[in-house]
Amino acid sequence: MPRLRSLVLGGLLLHAASPSLAAPAEEPISVTADSGRFEQDAGTGLYRGDVELLQGERKMLAEEMRLFTRNGELVRVEASGNPVRLSEGNSLSAHANNLVYDIKARSLVLTGDAFIEHQGNTFEGAKVEYSLDSKRVDASSEGDQRVRLVIPAENQVPGNQQKQNDEADASGSESGSP
């Protein structure tokens, strides 16, 4: 029997979210979890048990998630789980034991068996940092875990990546129409 989830109203304070991965800033944020606590004066929220954060096409799943706000605006998300999962439509998919999303810097830091896939290219390592604006990936190893990059054959054909980007943009705009 699936666990009953409770809607956590901390999302009400987060409606004025700053720039997101690809979702418009005006998209509301919805957080559900088995339990949650938001301290308005401190600007922090702690949510536990099958936590799900949704905003536009962004979906983040974790066992525990901490949200940090400043002046009612979401500035940072820290999530942990086994693993934490993040997706943004069909263009971005990531998972790791821990994930930190810095809204202002527009960056993701994944640690602990970190994996990120962006437009077919995959990056793995003990730690993977990803800039949402520049699309720069920095990966580092730890112990026996080495950094790994996989570029699919279709992404190696000149002009094919632009075609895929155009197709993704077209399908994204079609899905948004009534």
Side-chain angles (χ1 to χ4, degrees), residues 14 17-32 50-68 74-177:
L14 306 175
S18 63
S20 62
L21 299 177
E26 59 273 2
E27 292 273 351
I29 292 174
S30 169
V31 178
T32 58
D50 289 331
V51 185
E52 179 179 69
L53 181 145
L54 298 172
Q55 182 184 28
E57 290 188 1
R58 178 185 312 117
K59 182 176 188 177
M60 188 183 302
L61 305 170
E63 282 304 308
E64 183 174 288
M65 193 175 298
R66 294 178 185 274
L67 304 180
F68 300 87
L74 182 63
V75 293
R76 182 178 176 98
V77 176
E78 296 178 0
S80 60
N82 193 17
V84 175
R85 297 192 178 279
L86 173 86
S87 63
E88 182 75 28
N90 293 326
S91 65
L92 180 67
S93 176
H95 60 81
N97 294 335
N98 300 290
L99 182 147
V100 175
Y101 175 32
D102 184 323
I103 308 292
K104 186 171 183 165
R106 294 190 35 82
S107 66
L108 298 171
V109 177
L110 299 101
T111 55
D113 294 323
F115 173 90
I116 189 163
E117 178 183 359
H118 181 257
Q119 297 177 339
N121 300 318
T122 62
F123 305 89
E124 298 176 57
K127 180 178 180 181
V128 176
E129 298 179 57
Y130 182 69
S131 169
L132 299 167
D133 292 327
S134 70
K135 309 298 188 242
R136 177 182 169 154
V137 176
D138 291 310
S140 59
S141 62
E142 183 177 285
D144 291 341
Q145 187 177 16
R146 295 178 44 104
V147 172
R148 180 176 173 194
L149 162 67
V150 177
I151 303 172
E154 61 269 12
N155 288 0
Q156 297 176 42
V157 178
N160 201 21
Q161 186 65 38
Q162 183 60 43
K163 181 180 175 185
Q164 289 175 351
N165 290 344
D166 293 344
E167 289 172 358
D169 290 345
S171 67
S173 63
E174 290 171 9
S175 66
S177 55

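Computed from heavy atoms alone, side chains included, the values below leave out hydrogens, waters and symmetry copies.
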field: Passing option when Ile116 is tested against Thr122, Leu99, Leu92, Leu86 for side-chain contact (heavy atoms from CB on, under 4.5 Å)
entry: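 For Ile116, the side-chain contact (heavy atoms from CB on, under 4.5 Å) test succeeds with only one of Thr122, Leu99, Leu92, Leu86, which is Leu92.
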- prompt: What residues form a ring pair (Phe, Tyr, Trp, His ring centres under 6.0 Å) with Phe123, not counting sequence neighbours?
  reply: none
- request: Using salt bridge (Lys or Arg N to Asp or Glu O under 4.0 Å) as the criterion, list what pairs up with Arg85, not counting sequence neighbours.
  value: none
Nearest heavy-atom neighbours spanning [X] and [Y]:
X      : Y      : answer
Asp102 : Ala105 : OD1-N, 3.0 Å
Ala126 : Ser141 : CB-C, 4.0 Å
Glu117 : Gly120 : OE2-CA, 3.7 Å
Ser80  : Ala62  : O-CB, 3.5 Å
Ala79  : Met60  : CB-SD, 4.0 Å
Glu63  : Val51  : O-CG2, 3.7 Å

- request: Taking only Lys NZ, Arg NE, NH1 and NH2, and the carboxylate oxygens of Asp or Glu, determine whether Glu124 and Arg148 approach each other closer than 4.0 Å.
  value: yes
What is the distance from atom [atom1] of [X] to atom [atom2] of [Y], rounded to the nearest 0.5 Å?
X      : Y      : atom1 : atom2 : value
Leu74  : Phe68  : CG    : CZ    : 10.0 Å
Leu61  : Thr32  : CG    : OG1   : 8.5 Å
His118 : Lys135 : NE2   : NZ    : 5.0 Å
Lys104 : Arg76  : NZ    : CZ    : 13.5 Å
Asn98  : Thr111 : CG    : OG1   : 4.0 Å
Ser93  : Glu88  : OG    : CD    : 11.0 Å

message: Can you confirm whether more than 12 heavy atoms, excluding those of Asn82, are under 6.0 Å from its CG atom?
response: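 No - once you tally the heavy atoms of other residues, nucleotides and ligands closer than 6.0 Å, there are 12 at most.
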message: Does any part of the side chain of Leu53, heavy atoms only, come nearer than 4.5 Å to the side chain of Leu67, both counted from C-beta?
response: yes
- prompt: Given Leu108 and Val100, is the side chain to side chain contact (heavy atoms under 4.5 Å, CB included) satisfied, shown in steps?
  reply: CA-CA 6 Å; Leu108 298 171; Val100 175; over 6 Å; no
